[in-house]
Amino acid sequence: MSFHDVLFVVPSSPLFSVVIWLVLLVAALYLARPAAHRAIRALSLVLHSACRLAAHSAMQAEQKLRQRNSEVLLAAGREAAERVVEREFERIDAAVRRDLAEYPALQRELSEAVNRIEQDYQDSSEVPPEPPAWAKVVESVAKIAPKEPIIVEVLEDIHQSMVRGQRDAVAQYRVDNNKRHRILHSMMPLWRKVARVVGDMDGRVTRLLERSTSIDRHMEHYEEVVRGSNRAERMLSSSSLTQFFIAGFVLAIAVGGAAINFHLIARPMQEMVGGSSYIMGYKVANIAALVIILVEATLGLFLMESLRITRLFPVIGALDDRMRVKMIWATFVMLLLLASIEAGLAFMREKLSQDDAALLASLMSNHATVTSAATASVVASSQWITTAAQMGMGFILPFVLTFVAIPLESFVHSSRTVLGLLGQAVLRTLAFLMRLLGNISRYGGAMLIRLYDLLIFLPLWVEERMKMRKDNALPVASDAATEGRS
Amino acid sequence: MKRRLWLWLPLLTLLLTGCGDNVSHTRGVYLLLDTSGTYTQELDKAQHIINFVLAKLNPGDSFAVARINTASFTEKDIVAAITFDGQPSKANLQKRMFRDKIDRFVKGVKPSGYTDITGGLLQAIEFLNEQGAGRKTILIFSDLQEDLAKGYIRKRIPLKLKGFDVVALNVTKLHSDNVDPLKYMGRLAYWKKRVEAGGGHWRVVNDLERLDTLLQN
């Protein structure tokens with residue numbers, strides 16, 4: 001008995017078979033209605049509860065992640081703020097050492113200048129001319145014997161002496177005055193010097209004050225970060241995102257530079273390691289070129305770490321200064337050597353290209369690509385430009401790659417925040433989807449029950465009619481019974 | 001600590017040796033030159049093809065040029081064969097020497113009495129399999145009219161061409177083909193069937209100005 005035979009109960013009339021099957025199906029569904037309803041309700045409830053539980057778990061995980069992100073962000077912000085404040089203090093320390101170390105010298109210079117000015121001032125003080133003390137004596141003598149010729153002669157002599165003395169005194173006075181003027185004149189540079197020294201001191205003090213204001217600002221930011229305020233968190237998050245995109249952009253540029261560098265040295269590398277050997281499907285020459293570039297980037301990273309520009313490896317930053325300086329020189333020398341090697345490889349690349357071109361020209365010389373001698377000479381004359389450019393690029397690019405360490409550090413630090421934010425977003429979306437799915441299953445169950453009833457609407461309608469008739473018959477019977485009793 | 005190191009050492013060795021690539025990435029090209037009758041006049045075109053192939057091959061690749069003779073299943077008919085050095089500069093030098101050798105051959109070639117294409121193909125298969133090239137190409141520069149000397153058995157020999165790319169080049173039309181083009185088509189169909197029956201991939205390139213597709217696989 002095949003499925004076809006079972007399906008077509010009445011083989012002569014498929015429609016009748018379908019009707020029979022439909023009636024049977026509806027009857028079965030009607031009979032199974034309470035159990036089916038319970039099953040649908042239970043299933044929707046299970047799905048709803050499971051989804052709600054999953055959504056709750058996702059939200060809890062999201063909250064934990066947010067808290068963790070916040071902690072990491074604030075810790076990173078605190079570290080960055082500490083770094084800035086530390087740097088500001090180092091600057092102010094340097095400024096104080098530089099400016100105030102000269103303060104005793106400036107003070108000495110100033111006091112010397114003041115002493116000299118004081119001395120000059122004293123030297124330039126005007127000595128009053130001697131009062132003519134014996135003029136009164138002469139007057140008294142003249143009164144005693146005004147007509148005596150001896151007295152007259154004496155007085156004449158005295159007068160002449162006095163006139164002479166007066167003339168000398170005037171001359172001396174003029175000389176002294178002149179001297180004083182000269183002293184006063186020589187005091188001018190001293191005044192200017194004093195003014196300059198005072199101005200200098202003022203400038204230095206102003207600069208220190210500005211620095212202290214800057215430190216105050218950074219300290220405020222630091223305190224805010226330490227307090228873990230929402231504002232600080234928002235600022236740090238936004239700063240992190242900006243850093244991530246900027247660093248990513250710079251890294252993309254660096255990758256472009258590394259790709260150019262790779263093409264510069266990959267072909268000549270075949271001369272060193274052979275062009276026909278492969279490791280895991282990749283040419284050994286290409287791998288060698290890539291390794292050289294990665295080694296250069298690593299050396300650049302170490303150089304930046306040793307210079308304390310980046311802080312990816314705390315061990316290097318914590319080395320004592322002598323060792324650090326040694327490391328700086330070692331990495332720099334190695335970079336220089338690698339850059340020189342790259343320049344040599346770039347030169348070899350050009351030579352290989354020329355050889356290839358010559359071979360190709362000789363192979364195709366019987367046909368269309370015959371290069372005229374004039375064109376060849378023009379190409380050869382300008383060949384040195386490409387050779388020099390390639391060598392220059394080969395030498396410079398390793399040093400340029402050194403600076404990749406700076407955006408790399410920013411990228412690494414900011415990617416932690418960005419990944420955290422992405423994780424939060426994913427968890428939130430997951431929670432939303434779970435909640436949505438839970439609600440869909442809940443209301444979907446109710447809808448399924450309605451659809452189930454819709455399929456068996458005919459027996460349900462009959463049942464309802466019967467129930468109504470029964471309900472109507474019951475009051476009539478009770479009324480009749482009441483009437484009979486009465 | 002030392003014991004641990006001894007435990008790790010074999011693993012490390014295994015890892016490092018496992019990194020080596022067993023898959024061959026090189027290409028092997030075997031060119032069969034028909035030197036029978038009037039076809040020797042076409043050899044300047046063959047030179048052009050050889051130069052093109054030389055320009056396209058990379059360090060580490062193999063190239064052989066052999067003539068189709070009365071009995072071609074022999075190494076004696078190989079005019080020149082080489083596996084290029086890994087260093088590009090040396091490979092270029094080898095290419096120049098190879099070209100010079102071919103030039104000398106073309107200048108002094110004498111027409112052969114018969115055309116044993118099957119023998120040449122068998123020799124090519126053997127040579128390329130020995131070379132262990134990753135991509136194997138056999139170029140047949142011929143009118144594909146096989147003409148065997150009496151006593152030579154070639155008909156029922158299967159050609160094991162799995163992984164081979166067989167390209168028929170410059171398949172010229174004979175006078176009889178002009179009379180009955182079905183002969184020409186039948187010849188092409190015969191070789192296509194034989195190559196594909198052996199698991200190879202068959203192509204025909206008659207336009208020698210469009211050789212770019214020659215080594216595309």
Side-chain angles (χ1 to χ4, degrees), chain A residues 262-292 294 341-342 344-371 376 380 383 386-387 390-391 394, chain B residues 15-28 43-63 65 82-103 106-107 131-135 208-212:
Chain A
F262 173 79
H263 281 290
L264 269 178
I265 62 170
R267 178 142 168 73
M269 265 290 165
Q270 291 183 5
E271 281 291 308
M272 291 164 73
V273 294
S276 54
S277 26
Y278 285 76
I279 291 178
M280 295 169 80
Y282 296 99
K283 269 188 180 174
V284 175
N286 289 356
I287 293 172
L290 196 66
V291 165
I292 284 190
L294 290 176
I341 289 168
E342 273 208 19
L345 287 172
F347 179 74
M348 194 195 282
R349 181 182 188 272
E350 187 56 33
K351 290 288 159 201
L352 283 173
S353 298
Q354 285 173 18
D355 188 31
D356 285 351
L359 176 69
L360 204 65
S362 72
L363 287 174
M364 302 295 170
S365 60
N366 298 331
H367 301 276
T369 56
V370 179
T371 317
Q383 206 77 53
T386 48
T387 310
Q390 285 189 44
M391 285 180 74
Chain B
L15 194 74
L16 284 173
T17 48
C19 284
D21 209 336
N22 293 324
V23 182
S24 176
H25 296 269
T26 56
R27 179 191 286 277
L43 282 179
D44 58 327
K45 289 180 186 172
Q47 257 182 306
H48 173 51
I49 293 165
I50 290 166
N51 287 345
F52 176 82
V53 173
L54 279 174
K56 287 284 170 187
L57 289 179
N58 293 317
D61 290 347
S62 303
F63 188 29
V65 176
I82 198 161
T83 298
F84 296 115
D85 197 89
Q87 289 185 7
S89 57
K90 282 188 184 171
N92 282 353
L93 201 66
Q94 287 170 324
K95 282 178 184 178
R96 286 189 176 97
M97 288 162 72
F98 194 94
R99 188 206 44 202
D100 293 344
K101 205 170 179 180
I102 294 296
D103 287 351
V106 170
K107 276 177 193 164
Q131 293 299 315
R135 287 169 293 170
L208 298 185
E209 295 302 317
R210 294 177 185 274
L211 288 174
D212 294 340

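What you see below is based on every heavy atom in this structure, not just the backbone, and it leaves out hydrogens, waters and symmetry mates. So that the names make sense, note that chain A is the first sequence line, chain B the second, and so on, each numbered from 1.
With respect to A/Asp356 and B/Lys95, no salt bridge is recorded, no charged nitrogen being found less than 4.0 Å from a carboxylate O.
A distance of 5.0 Å separates CG in B/Asn92 from CG in A/Leu359, rounded to the nearest 0.5 Å.
Between B/Ala55 and A/Leu363, the shortest heavy-atom distance links the atoms N-CD1, 3.7 Å. Summarising the geometry of A/Glu271 relative to B/Gln87, their closest heavy-atom pair is O-NE2, 3.3 Å, with the distance given to 0.1 Å. Of all heavy-atom pairs between B/Pro88 and A/Gln270, the closest is CG-OE1, 3.4 Å.
Between chain A and the residues B/Gly86, B/Gly60, B/Ala91, the most heavy-atom pairs under 4.5 angstrom are made by B/Gly86.
With a 4.5 Å cut-off on non-hydrogen atoms, B/Phe52 touches chain A through its backbone and its side chain both. In this structure, the portions of A/Ala358 lying under 4.5 Å from any heavy atom of chain B include both its backbone and its side chain.
Checked against ring pair (Phe, Tyr, Trp, His ring centres under 6.0 Å), B/Phe63 has the following partners two or more places apart in sequence or in another chain: B/Phe98.
Residues of residues 347-354 of chain A lying under 4.5 angstrom from chain B, judged on non-hydrogen atoms, are A/Leu352 by number.
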